[in-house]
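Here is the structure we will look at, set down as structure tokens.
Note that the structure is predicted; figures quoted are calculated from it, not measured. Just so it is clear: chains get the letters A, B, ... in the order the sequence lines come, proteins before strands, and each one is counted from 1.
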Amino acid sequence: MKEKELRRSLSVFPIGTVMKLTDLTARQIRYYEEQELIQPQRNDGNRRMYSLNDIDVLLEIKDYLAEGINMAGIKHIYEMQEQAKQKKQADMKRPVTDEDVRRIFHDELLQQGRLNNTDEQGPSTLFHTHKLL
DNA sequence: CTTCTCACA
DNA sequence: TGTGAGCA
């Protein structure tokens with residue numbers, strides 16, 4: 001069950017293929033990389049090469065965008081996933097404190113608030129992001 | 001032909 | 001985000 005992850009991590013698709021698979025423009029794909037949502041590798045010719053995992057993330061981003069979440073919100077979602085990943089180990093040994101609960105609750109309120117604060121643009125939001133949180 | 005970076009009548 | 005320029 002490890003070879004599979006390794007294969008999904010292999011960067012073998014040029015941006016053109018990713019565009020067709022995700023329906024995103026090259027501009028958007030490169031922009032999301034700039035936002036550190038994906039980290040495609042480069043081949044000898046400086047061409048970006050994407051992995052299946054990169055494509056999965058891109059597809060997820062497209063869904064979040066469709067649900068009205070802006071880039072700031074999406075970045076926070078992935079930031080939290082990373083935090084949860086690193087914190088998981090430590091939390092395994094340490095019992096959950098009330099401060100942990102407060103932090104989690106605080107982050108959720110932050111994201112929900114972002115739906116109203118039009119710090120970016122397209123405010124056709126105010127939808128139901130609750131099911132994601 | 002495809003992708004890259006940079007810039008904006 | 002789109003789009004076009006000028007390269008590789």
Residue pairs, two or more places apart or on separate chains, that pass salt bridge (charged side-chain N to carboxylate O under 4.0 Å, His left out) and touch residues 35-44 of chain A: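 Checked against salt bridge (charged side-chain N to carboxylate O under 4.0 Å, His left out) - neighbours excluded - no pair reaches residues 35-44 of chain A.
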
Residue pairs involving residues 70-85 of chain A (criterion salt bridge (charged side-chain N to carboxylate O under 4.0 Å, His left out); sequence neighbours excluded):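 The answer is none; no pair qualifies.
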
Contiguous pairing runs of three or more, Watson-Crick or G-U under 3.5 Å, that involve DNA chain C: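 Consecutive-pair runs (3 or more) involving DNA chain C: B:4-8 with C:2-6.
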
Approximate separation, where rounding is to 0.5 Å, of Tyr32(A) OH and Arg27(A) CZ: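 Result: 10.5 Å between the selected atoms.
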
Approximate separation, where rounding is to 0.5 Å, of Leu52(A) CG and Arg7(A) CZ: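 One gets 11.0 Å once the value is rounded to the nearest 0.5 Å.
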
Sequence-distant partners of Arg30(A), salt bridge (charged side-chain N to carboxylate O under 4.0 Å, His left out), two or more places apart: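 Residues passing salt bridge (charged side-chain N to carboxylate O under 4.0 Å, His left out) with Arg30(A): none at all.
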
Side-chain heavy atoms of Pro14(A) within contact of Arg47(A), under 4.5 Å: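 They are not in side-chain contact.
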
Which residues share a side chain to side chain donor-acceptor pair (under 3.5 Å) with Thr17(A), sequence neighbours left out: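 Checked Thr17(A) against side chain to side chain donor-acceptor pair (under 3.5 Å); zero matches.
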
[N] [atom2] sits how many Å from [X] [atom1], rounded?
X	N	atom1	atom2	result
Asp44(A)	dT2(B)	CG	C1'	16 Å
Gln41(A)	dT3(B)	CD	C1'	17 Å
Asn43(A)	dT3(B)	CG	C1'	9 Å

Sole residue of Leu37(A), Leu24(A), Ile29(A) in side-chain contact (heavy atoms from CB on, under 4.5 Å) with Ile61(A):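 Testing Ile61(A) for a side-chain contact (heavy atoms from CB on, under 4.5 Å) against Leu37(A), Leu24(A), Ile29(A) leaves exactly one candidate, Leu37(A).
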
Side-chain N,O (Thr25(A)) to OP1/OP2 (dG2(C)) below 4.0 Å: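 Result: yes.
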
Taking only nitrogen or oxygen atoms into account, show me every contact under 3.5 Å that the protein makes with nucleotides 4-9 of chain B, one pair per line with its distance.
| unit_1 | atom_1 | unit_2 | atom_2 | d |
| --- | --- | --- | --- | --- |
| dC4(B) | OP1 | Arg48(A) | N | 3.0 |
| dC4(B) | OP1 | Arg48(A) | NE | 2.9 |
| dC4(B) | OP2 | Arg30(A) | NE | 2.9 |
| dC4(B) | OP2 | Arg30(A) | NH2 | 2.5 |
| dT5(B) | OP1 | Arg42(A) | NH1 | 3.2 |
| dT5(B) | OP1 | Arg42(A) | NH2 | 2.9 |
| dT5(B) | OP2 | Arg48(A) | NH2 | 2.0 |

